[in-house]
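Labels below follow one simple rule: chain letters A, B, ... track the order of the sequence lines, proteins then strands, and each chain is numbered from 1.
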There are 2 protein chains.
Amino acid sequence: MMDARKFRILQAIIDDYILTAIPVGSRTISKKYEMGLSSATIRNEMSDLEELGYLDQPHISAGRVPSAKAYRLYVDQLLQAGKIHSADAASIRDHFSQRAGKMEDVINRAAQVLSNVTHYTSLVMSPRGGEMRIRNIQLVPVSSATALLVIVTDNGIVRDTVIHVDSDLDADALYTLSRMLTERLAGRTLSEAMETLQGMSREFAQKRALLEGIGDLVTDVENQQEKGRLAFAGPSNILNFPEYNDVEKARAFLSLLETKDALVKLLEQHQNVAFTVRIGPETGVPELRECSLVTATYSLGDFTHGTIGVIGPTRMEYGRVLSILSAMGEQLTRLFAQDKE
Amino acid sequence: MMDARKFRILQAIIDDYILTAIPVGSRTISKKYEMGLSSATIRNEMSDLEELGYLDQPHISAGRVPSAKAYRLYVDQLLQAGKIHSADAASIRDHFSQRAGKMEDVINRAAQVLSNVTHYTSLVMSPRGGEMRIRNIQLVPVSSATALLVIVTDNGIVRDTVIHVDSDLDADALYTLSRMLTERLAGRTLSEAMETLQGMSREFAQKRALLEGIGDLVTDVENQQEKGRLAFAGPSNILNFPEYNDVEKARAFLSLLETKDALVKLLEQHQNVAFTVRIGPETGVPELRECSLVTATYSLGDFTHGTIGVIGPTRMEYGRVLSILSAMGEQLTRLFAQDKE
DNA sequence: GTTAGCACTCGTTTTGTGTGAGTGCTAACA
DNA sequence: TGTTAGCACTCACACAAAACGAGTGCTAAC
């Protein structure tokens, strides 16, 4: 079975592999990491570790490489040891001083900072809108047939889209309508608002089309077209790692990012846990077989959570990434809290 | 000197190289392209063409590769022969049926379509705001200290940002203020608006801070932070081309895209010509030494122009790209025109 | 249980050798 | 004078063989 010494050796192997990306041999461990053991002993232990499924051997005359199972152990240990000290918190705070506002801007900026600090590819997902409470709704005339619908939530978050309106509505009419909408919908969650809107469209038959249009839109905002909720930054960072020296792999990875769908799905899973580490095959996405995805959440009100994450090679600096994500999550949570009067 | 036959041969070489990306030899030309000439003759001509600077030889026992000068000739011929028939116009219209609205959405969507159709990396740049005329300005309350400033131009384009406001302004006050602003600024260009705003901030001393804030913002919108004006799509398309099989090159290219700055500069040059083709070194950007940048413009009102473009390897399908860009430019121009009542 | 020693494995690097596409040149031909 | 056939020559590339060496597993001694 797995004793303390084996574990120490495994850890050394993982550390070294994370650093160098080349299979690590028994000699390396016994020399670079002072174990007080000869390479032969290490060799025996490594043989055991391989049998236990923690190490893989690319070929018989090469060193060993940590398996997904090994990283899993490593990360679990990291997580439970609570080694996630927000060391980089300060640096993140420096780079990320912003106030809430347009959700899109916030997540883009956050992704930017995250990829700059980690040097990996970063992902930031805004929360579903469903739980947010409406503070204010306003229609701004654009052309004779369109208006900009602005929805402000009580987190100080703004979302807007251009919609069709009846052409007989001038600026003042729209403003009156906006006031009425705000009056009736303020304080409700978006989900509740939709029901109310349906009721209203019965009440005010003549404005039915418009109200239903708005209703549809609120739905849209609620399940905001998934793709729009995801921001990423630093896609080309993955090319810094030798495991992506193969252009085919790189292309697959980048295409995956560009499409977004798969990532959105991944980030939507496990939204209720503070940290998630999915290693290689654990992601369930073939293109990410050699990647790890580390995520954390931030909160925005009591029930609404967003996700931030980092994608990199399986030999990721998990410790550092986890602490950075933790700091960033706190930062985002604070950002949204401060704006909630 | 360059006679008609040499030109035909050069054209054949370019066509072949664009297709295959492998250096083309004399035999290929005499067989695949029916010239009625033997390979030996072609060889002589090719030798001349090389001396004239139109062909390069990667090494002595390989075929020839067109030089930047050759592409230049090829493209010039293409342009003056007016071969840019909007063949793909229909297909673009299908993929790109949208109405004006948020500028950001429009350019993103356009970039998406452009990269889908061409299979190259696409660039779409929105025009500077300076020449656009204001139709409507509105402030929407967000939190007690912030508001969303929405500016609608007479092209039906919406731009908005969150700004600070005095905390003693409630929704109605903001609306009143909005009406006043609209009344005074409607019909003016953004540049003119700024002057008016300065005047106003003298007139209404108590609102000075806010008005100046808005003024600053209009400036911002005017020279909208350059980066925000550029959208691109399909960055990983470049990896489809064998000349970017080298990961280092690919990384340099992608980083360049992510940073945006250099591209913005490139697209800002020559905004007054319908088409631009910059081949390899002509771009002046070292990372694009092996790329060509083809651009076209679209117009938005009489004096305001935006740029769309495509980046690919120097052996680009210039003809096809030019005609697609032309179609797309028309499409965008029409889009903005239709919304201008 | 640990370690030195050693034979063995096998990917990587180096070296060597064809192979063939393509060239330039010359000489004959129309 | 322009075109073409023929031929020697070049050189990247593909492939095989050989040398290398990092790393292993096993055995025997401590």
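Residue Ser26(B) is in sugar-phosphate contact alone, with no base atom involved, counting any heavy-atom pair closer than 4.0 Å across all strands shown. Arg27(A) comes within 4.0 angstrom of nothing in the nucleic acid, heavy atoms only.
The nearest pair of heavy atoms linking Pro58(A) to Asp56(A) is CD-O, 3.7 Å.
Closest to the side chain of Thr41(B), from the set dT4(D), dT23(C), dT24(D), is dT4(D). Which of dT23(C), dT3(C), dA5(D) sits closest to the side chain of Ala40(B) comes down to dA5(D). Across dT4(D), dT2(C), dG22(C), the shortest atom-to-atom separation from the side chain of Arg5(A) is found for dT2(C). The side chain of Arg43(B) sits closest to dG24(C) out of dT2(C), dG25(D), dG24(C).
Atom NZ in Lys249(A) sits 8.0 Å away from atom CZ in Arg289(A) (nearest 0.5 Å).
Distance Leu55(A) CG to dG23(D) P: 14 Å, rounded to the nearest Å. The interatomic distance linking Ile29(A) (CD1) with dA22(D) (C1') rounds to 14 Å, in whole Å.
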Using a cut-off of under 3.5 Å, enumerate the N/O to N/O pairs linking the protein to nucleotides 10-17 of chain C.
from: dC10(C); atom 1: O4'; to: Ser61(A); atom 2: OG; distance (Å): 3.3
from: dC10(C); atom 1: O2; to: Ser61(A); atom 2: OG; distance (Å): 3.1
from: dG11(C); atom 1: O4'; to: His59(A); atom 2: NE2; distance (Å): 3.4

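Lys260(A) places no side-chain N or O within 3.5 Å of a backbone atom of Phe232(A) that could act as its donor or acceptor partner.
Tyr120(A) and Glu317(A) form a side-chain donor-acceptor contact under 3.5 Å, judged by distance and modelled atom types alone. In the model, Tyr244(B) has no side-chain atom that pairs as donor or acceptor with a side-chain atom of Glu290(B) under 3.5 Å.
One finds a salt bridge joining Glu248(A) and Arg251(A) here, because a Lys/Arg side-chain nitrogen approaches an Asp/Glu carboxylate oxygen to under 4.0 Å.
Across all strands shown, the partner of dC8(C) is dG23(D), judged by Watson-Crick or G-U wobble contacts whose two distances both fall under 3.5 Å.
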